[in-house]
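Chain naming here is simple, since letters A, B, ... match the order of the sequence lines and numbering starts at 1 in each.
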Amino acid sequence: MEGWYVLENAEGFFKRVYEIVARIPEGKVATYGGIARMLGYPGGARTVGWAMRGTPEGLNLPCHRVVKATGELAPSYVFGNSEIQRAMLEAEGVTFREDGTIDMERHLWQGI
DNA sequence: CAGCTGACAATAA
DNA sequence: GTTATTGCCAGCT
């Protein structure tokens with residue numbers, strides 16, 4: 001966490017979340033709680049997800065790479081259908097288990 | 001000004 | 001093993 005200031009206007013909690021999400025590499029996924037922990041809020045998992053809800057589309061933020069701690073994808077009403085998110089992650093190179101959940105052990109991004 | 005809601009997470013039964 | 005409940009932080013009404 002040294003040069004995390006791509007968006008120099010990173011003052012609010014939102015921006016801070018956007019920066020981290022924007023840093024997620026392809027083929028990797030981050031959890032809401034994980035991002036919250038990076039910010040120093042171990043219990044701010046909901047807040048991170050809530051911040052994503054207000055994510056401007058102009059930032060082209062890879063919100064589809066943010067999943068639950070259990071490896072499950074976000075609810076269907078986020079993209080209209082969970083298939084979209086799953087398809088995008090598969091296209092990125094993320095592997096899924098038989099349950100339809102992401103293999104966190106392989107793709108969990110801890111924030112390099 | 002006070003209470004409610006919400007793209008979650010962890011613990012208890 | 002699954003299902004239910006509580007806690008958490010920031011913005012909104």
C:dA10 OP1/OP2 closer than 4.0 Å to side-chain N/O of A:Tyr41 = yes
Whole Å only: how far is the [atom1] atom of [X] from the [atom2] atom of [N]?
| X | N | atom1 | atom2 | answer |
| --- | --- | --- | --- | --- |
| A:Arg37 | B:dC8 | CZ | C1' | 13 Å |
| A:Arg16 | C:dG11 | CZ | P | 12 Å |
| A:Met104 | B:dA9 | CE | C1' | 12 Å |
| A:Glu72 | B:dA9 | CD | P | 10 Å |
| A:Arg53 | B:dT5 | CZ | P | 13 Å |
| A:Asp99 | C:dG1 | CG | P | 11 Å |
| A:Tyr77 | B:dT5 | OH | C1' | 12 Å |
| A:Arg46 | B:dT5 | CZ | P | 11 Å |

Mind listing the closest non-hydrogen atom pair of A:Ala45 and A:Ala36 along with its distance?
-> N-CB, 3.8 Å
In short, A:Ile24 meets A:Ala30 closest at the heavy-atom pair CD1-CB, 3.7 Å
5'-most contact on DNA chain C (nearest-nucleotide basis), A:Phe14 vs A:Ala45, goes to A:Ala45
A:Thr47 has its side chain closest, among B:dG6, B:dA9, C:dG11, to B:dG6
Heavy-atom side-chain proximity of A:Val67 to A:Met104 below 4.5 angstrom = yes
Not counting sequence neighbours, which residues clear side-chain hydrogen bond (donor to acceptor under 3.5 Å, both in side chains) with A:His64? List them please.
-> none
